[in-house]
Colleague: 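Just passing along the structure, written as structure tokens.
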Amino acid sequence: MADEDAGGYYEEKPVMLFGRDVSKIPCFRNSYLYGLTSGLFGGLGYFMFTSKIPHSFRFGTGTYLAVTIGYWLQCRYKFITNKQEVDRIQAALLKRMEVEGTALEAELFKDDDDDEDS
């Protein structure tokens, strides 16, 4: 409905954090959402068992920070290793394209064929 009112030209403004668009940062959205929900439910659960408001607030905040940082680190590690693997494969494909049709290719495949025969 809002798209129709704006004539179909709805422009979404980016959320900026320290001069960077948050939607462009890998893993930011998921780590933030998982941290928020775990902090909320952790604090509420602690309050339900103890009925101590300040302690449950501290527990919820600590849970939020721990889950957000933990998920961020784990997700970034997977993102970086995946990116390195893709870069490695792209470099191997480029090298393969450079070698294709040359005498070096025949030598490389000859060595591979000799290894398979053994």
Colleague: Can you get from I53 to M48 by hopping between Ile, Leu, Val, Met, Phe, Trp and Tyr side chains that sit under 4.5 Å apart?
Modeller: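 Both belong to a single hydrophobic cluster.
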Colleague: Assign the ring pair Y34 / Y71 to parallel, tilted or perpendicular, where the plane angle (0 to 90°) is split at 30° and 60°.
Modeller: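 Perpendicular, since the angle between the ring planes exceeds 60°.
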Colleague: Which distance, rounded to the nearest 0.5 Å, do you find between the OH of Y64 and the OG1 of T37?
Modeller: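 Result: 11.0 Å between the selected atoms.
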Colleague: Atom OG1 of T68 and atom CG of L33: how far apart are they, to the nearest 0.5 Å?
Modeller: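 T68 atom OG1 to L33 atom CG measures 9.5 Å (nearest 0.5 Å).
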Colleague: Take F57 and T61, measure what side-chain contact (heavy atoms from CB on, under 4.5 Å) needs, and give me the verdict at the end.
Modeller: CA-CA 6 Å; F57 177 75; T61 305; 3.8 Å; yes
Colleague: Would L65 end up clustered with L36 when hydrophobic side chains under 4.5 Å apart are linked, directly or stepwise?
Modeller: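 Yes, one cluster joins them.
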Colleague: Between E85 and R88, does any NZ, NE, NH1 or NH2 come within less than 4.0 Å of an OD or OE carboxylate oxygen?
Modeller: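 Yes, R88 and E85 are salt-bridged.
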Colleague: Calculate, to the nearest 0.5 Å, the distance between atoms CD1 and CG belonging to I89 and L94 respectively.
Modeller: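 That separation rounds to 12.0 Å.
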Colleague: So which heavy atom on H55 is nearest to which on Y46, and how close?
Modeller: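 Minimum heavy-atom contact is CB-CE2, 3.5 Å.
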Colleague: Out of I80, T81, D87, which residue meets the side-chain contact (heavy atoms from CB on, under 4.5 Å) rule with K83?
Modeller: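 So the option named by the test is D87.
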Colleague: Are side-chain heavy atoms of Y32 and W72 found at a separation under 4.5 Å?
Modeller: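 Heavy-atom side-chain distance check fails, nothing below 4.5 Å.
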Colleague: Can you tell me how far CD of Q74 sits from SG of C27, rounded to the nearest 0.5 angstrom?
Modeller: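 Between atom SG of C27 and atom CD of Q74 there are 8.0 Å.
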